[in-house]
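As structure tokens, the structure follows; a few thoughts come after it.
We number each residue from 1, following the sequence as shown. What's counted below: heavy atoms across the whole structure, side chains too, no hydrogens, waters or symmetry copies.
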Amino acid sequence: MPSTSASAWADHISDCPFCISGARDEMTTLRCAVATVLQHGTFMACDDIPLMEIVTNAGDYLCGLASSPGGDQATPVPPATRWDWLNAEVRRAVALAAGAEPASALDPCIDDALAQAAQWPSQCQQRLFERAARQFTEQHATTP
């Protein structure tokens with residue numbers, strides 16, 4: 001079971017391929033935000049937070065993470081105008097990891113895949129978020 005210590009929650013800064021790439025444009029920040037939510041989804045699934053809540057409240061979660069006591073001020077928090085995009089990309093990444101093949105972030109098969117994954121035991125959901133984070137990073141990260 002993953003540790004939920006403050007250092008475990010902040011590890012994304014030191015090992016995030018988006019943060020260490022050197023780029024600081026909006027798309028890099030958005031990708032880092034998606035990767036952060038996916039990585040933290042493992043911890044949230046461990047805490048029995050419902051999958052649908054995780055994949056639809058990404059912006060709120062990042063705001064809370066950045067502003068909590070002892071929180072990480074380096075947590076990527078996109079502007080609220082980008083939260084719909086953030087949620088859609090998180091949903092798409094989790095659906096892909098669950099085996100769906102959506103044509104876009106709005107593909108209806110995403111809802112089906114997420115509904116099925118929401119019924120899985122917590123440990124399976126943890127592995128799902130780990131796989132989603134790994135796949136998303138492999139697809140979008142660039143080497144510095």
Supply the atom-to-atom distance [X] [atom1] to [Y] [atom2], rounded to the nearest 0.5 angstrom.
X: Gln125; Y: Asp48; atom1: CD; atom2: CG; value: 8.5 Å
X: Leu38; Y: Ile54; atom1: CG; atom2: CD1; value: 10.0 Å
X: Thr42; Y: Arg131; atom1: OG1; atom2: CZ; value: 10.5 Å
X: His40; Y: Ile49; atom1: NE2; atom2: CD1; value: 12.0 Å
X: Gln126; Y: Asp47; atom1: CD; atom2: CG; value: 9.0 Å
X: Leu86; Y: Leu62; atom1: CG; atom2: CG; value: 6.0 Å

Say whether Leu106 and Leu114 are linked into one hydrophobic cluster, either directly or through other cluster members, by side-chain heavy-atom distances under 4.5 angstrom.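 Different clusters: Leu106 never reaches Leu114 through Ile, Leu, Val, Met, Phe, Trp or Tyr contacts under 4.5 Å.
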Same cluster or not: are Leu96 and Leu51 linked, directly or through other Ile, Leu, Val, Met, Phe, Trp or Tyr residues, by side-chain heavy atoms under 4.5 angstrom apart?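 Each belongs to a different hydrophobic cluster.
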Check whether any side-chain N or O of [X] sits under 3.5 Å from a backbone N or O of [Y] as a donor-acceptor pair, and report yes or no.
X: Glu89; Y: Ala105; answer: no
X: Trp83; Y: Ala58; answer: no
X: Gln135; Y: Ala93; answer: no

Could you tell me which non-hydrogen atom of [X] sits nearest to which non-hydrogen atom of [Y], and how far apart they are?
X: Ala98; Y: Leu128; value: N-CD1, 3.4 Å
X: Cys46; Y: Ser122; value: CA-OG, 3.8 Å
X: Ile110; Y: Pro102; value: CG1-CB, 3.7 Å

side-chain hydrogen bond (donor to acceptor under 3.5 Å, both in side chains) partners for Arg92, two or more places apart: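 For Arg92 there are no side-chain hydrogen bond (donor to acceptor under 3.5 Å, both in side chains) partners, ignoring immediate neighbours.
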Could you list all the salt bridge (charged side-chain N to carboxylate O under 4.0 Å, His left out) pairs where at least one residue sits in residues 96-122, not counting sequence neighbours?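 Pairs touching residues 96-122 that pass the test: Arg91-Asp111.
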Does some side-chain heavy atom of Tyr61 sit less than 4.5 Å from a side-chain heavy atom of Met44?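 Counting from C-beta outward, Met44 and Tyr61 do come under 4.5 Å.
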Less than 4.5 Å apart, side chain to side chain, heavy atoms only: is that true for Thr28 and Pro76?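 No, their side chains stay 4.5 Å or more apart.
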Under the criterion side-chain contact (heavy atoms from CB on, under 4.5 Å), which of Val90, Asn87, Thr29 is the partner of Val34?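 The residue from Val90, Asn87, Thr29 that satisfies side-chain contact (heavy atoms from CB on, under 4.5 Å) with Val34 turns out to be Val90.
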